Peer 1: 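One structure, pasted below without further comment.
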Amino acid sequence: DSGSGDSGSGDTDTGTSGLFFSEYAEGSSNNKYLEIYNPTSEAVSLDGYALANVSNAPTTAGEHEYWRDFVSGASIASGEVYVIAHPSADESILASANETHAYMSNGNDGYALVLGTEDNYTVIDFLGDFQGDPGIGWDVAGVSEATKDKTLVRKDTITSGNIDWD
């Protein structure tokens, strides 16, 4: 199963680590962030994890364009979150951030939380996908363009990632 479509190098498996995107914000200006939750009973090291993404429409549908490893030695304690924010976000966002990343979504960029290397990885969770440009935002739970200028919070009944955005 090739969740990333990346020439067969990206498998899909939501049960690998338990981690998943718990919150996403694409707010005004640079007030953008991703939040990853660890629902497990143990701390999880982010060594070996990364964010793979596309910007707007991917060059090749199904393949990520960009790869970003987490800060070396980063981890998420049991029941806690890890926040990646735009470095120019509001101070209230930056106060909760574990690290910053300048290329956050403008509402129509697909992101995947992955485990492995850029050439051989497993998709843990998706925000959007790598299949094409959705317009100005992705549809979510029946809401058109719900990732544009919005904050999405996963229901607290969710316990794993979703590798099928559709």
Side-chain angles (χ1 to χ4, degrees), residues 2-7 9-10 12 17 19-38 44-76 80-140 145-154 161-166:
S2 181
S4 71
D6 193 23
S7 304
S9 64
T12 56
S17 68
L19 301 180
F20 60 89
F21 291 118
S22 52
E23 194 164 315
Y24 157 93
E26 197 282 307
S28 62
S29 187
N30 290 313
N31 294 321
K32 306 165 189 312
Y33 64 88
L34 297 171
E35 178 184 274
I36 301 166
Y37 177 62
N38 175 8
V44 175
S45 169
L46 293 177
D47 292 340
Y49 286 87
L51 292 175
N53 73 292
V54 296
S55 178
N56 303 315
T59 303
T60 303
E63 292 184 14
H64 73 279
E65 296 175 304
Y66 305 100
W67 185 269
R68 184 174 193 289
D69 292 314
F70 289 95
V71 174
S72 180
S75 66
I76 309 175
E80 296 296 325
V81 296
Y82 191 89
V83 177
I84 304 103
H86 190 283
S88 298
D90 186 83
E91 284 299 321
S92 62
I93 295 170
L94 291 174
S96 297
N98 298 91
E99 65 179 270
T100 60
H101 179 51
Y103 301 104
M104 301 298 288
S105 180
N106 62 356
N108 63 353
D109 305 322
Y111 273 87
L113 174 62
V114 300
L115 176 62
T117 66
E118 189 166 5
D119 296 324
N120 185 17
Y121 60 89
T122 299
V123 173
I124 306 299
D125 198 6
F126 264 121
L127 284 166
D129 62 34
F130 298 166
Q131 300 307 314
D133 190 344
I136 66 169
W138 302 95
D139 295 346
V140 179
E145 301 168 348
T147 55
K148 179 66 177 162
D149 298 327
K150 305 250 186 350
T151 299
L152 305 178
V153 179
R154 279 236 166 103
N162 182 0
I163 55 172
D164 181 9
W165 186 256
D166 293 328

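Keep in mind that the numbers below use all heavy atoms, side chains included, and drop hydrogens, waters and symmetry copies. Remember, it's a predicted structure, so these values are computed and weren't measured experimentally.
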Peer 1: Is Phe20 close to Ile124 at the side-chain level, that is, under 4.5 Å between some pair of heavy atoms?
Peer 2: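 Side chain of Ile124 against side chain of Phe20, heavy atoms only: no contact under 4.5 Å found.
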Peer 1: Would you give the length of the straight line joining atom OH of Tyr103 to atom OG of Ser55, rounded to the nearest 0.5 angstrom?
Peer 2: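 The distance works out to 10.5 Å.
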Peer 1: Check Ser88 against Asn30 and note the closest heavy-atom contact, atom names and distance.
Peer 2: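 Between these two residues, the closest heavy atoms are CB-ND2, 3.6 Å.
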Peer 1: Do the rings of Trp67 and His64 sit parallel, tilted or perpendicular, given the 30° and 60° boundaries?
Peer 2: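 Correct class here is tilted.
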Peer 1: Do Tyr82 and Glu99 have side-chain N/O donor and acceptor atoms under 3.5 Å apart?
Peer 2: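 A donor-acceptor contact under 3.5 Å links the two side chains.
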Peer 1: If you round to the nearest 0.5 Å, how far is OH of Tyr49 from CD1 of Ile76?
Peer 2: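 If I round to the nearest 0.5 Å, the distance is 8.5 Å.
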Peer 1: Going by side-chain contact (heavy atoms from CB on, under 4.5 Å), Tyr33 matches just one of His86, Glu23, Glu26. Which one?
Peer 2: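 Single pass found, and it is Glu23.
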Peer 1: State the CG-OG1 distance between Asp69 and Thr117, to the nearest 0.5 angstrom.
Peer 2: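 Reported to 0.5 Å precision, the distance equals 9.5 Å.
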Peer 1: Does the side chain of Leu113 reach to within under 4.5 Å of the side chain of Val123, using non-hydrogen atoms?
Peer 2: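 Heavy-atom side-chain distance check fails, nothing below 4.5 Å.
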Peer 1: Do Ser29 side-chain atoms and Asn31 backbone N/O form a donor-acceptor pair below 3.5 Å?
Peer 2: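 Looks like no, no N/O pair under 3.5 Å.
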Peer 1: Shortest non-hydrogen contact from Pro87 to His101?
Peer 2: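 That would be CD-O, 3.4 Å.
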Peer 1: Mind checking the OH-CG spacing from Tyr111 to Asp125? Nearest 0.5 Å is all I need.
Peer 2: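 Tyr111 OH to Asp125 CG: 14.0 Å, rounded to 0.5 Å.
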Peer 1: Less than 4.5 Å apart, any side-chain heavy atom of Leu51 and any of Leu34?
Peer 2: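 Side chain of Leu51 against side chain of Leu34, heavy atoms only: contact under 4.5 Å found.
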Peer 1: Work out which heavy atom in Val83 is nearest to a heavy atom in Ser96; give both atom names and the distance.
Peer 2: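 The pair with the smallest heavy-atom distance is CB-O, 3.5 Å.
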Peer 1: Might you work through the side-chain contact (heavy atoms from CB on, under 4.5 Å) test for Val114 and Thr122, ending with a clear yes or no?
Peer 2: CA-CA 5 Å; Val114 300; Thr122 299; over 6 Å; no
Peer 1: Between Glu80 and Tyr37, does any side-chain donor sit less than 3.5 Å from a side-chain acceptor?
Peer 2: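 No - no donor-acceptor pair under 3.5 Å links their side chains.
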Peer 1: Just how far is it from atom OG1 of Thr60 to atom CD of Glu65, taken to the nearest 0.5 Å?
Peer 2: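 Spacing of OG1 (Thr60) from CD (Glu65) equals 8.0 Å.
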Peer 1: Hey, is the main chain of Gly110 close enough, under 3.5 Å, to the side chain of Asn53 for a donor-acceptor pair?
Peer 2: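 Checked: no pair found.
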Peer 1: Please step through side-chain contact (heavy atoms from CB on, under 4.5 Å) for the pair Val153 and Ser22, ending with a clear verdict.
Peer 2: CA-CA 6 Å; Val153 179; Ser22 52; over 6 Å; no
Peer 1: Does some side-chain heavy atom of Ser75 sit less than 4.5 Å from a side-chain heavy atom of Val44?
Peer 2: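 No; the side chains remain at least 4.5 Å from each other.
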Peer 1: Kindly indicate whether the side chain of Asn98, heavy atoms from C-beta on, has any atom under 4.5 Å from the side chain of Ile84.
Peer 2: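 No - every pair of side-chain heavy atoms lies 4.5 Å or more apart.
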Peer 1: Please determine, by modelled atom types, if Ser92 and Asp90 share a side-chain donor-acceptor pair under 3.5 angstrom.
Peer 2: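 A donor-acceptor contact under 3.5 Å links the two side chains.
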Peer 1: Contact between Ile36 and Phe21 at the side-chain level, heavy atoms closer than 4.5 Å - yes or no?
Peer 2: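 Yes, at least one pair of side-chain atoms sits under 4.5 Å.
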Peer 1: Provide the closest heavy-atom pair for Ala85 versus Ile93 in the form atom of the first, atom of the second, distance.
Peer 2: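 Minimum heavy-atom separation between Ala85 and Ile93: CB-CG2, 3.8 Å.
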Peer 1: Taking atom CG of Leu127 and atom OH of Tyr24, what is their separation to the nearest 0.5 Å?
Peer 2: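 Output value for this atom pair is 7.5 Å.
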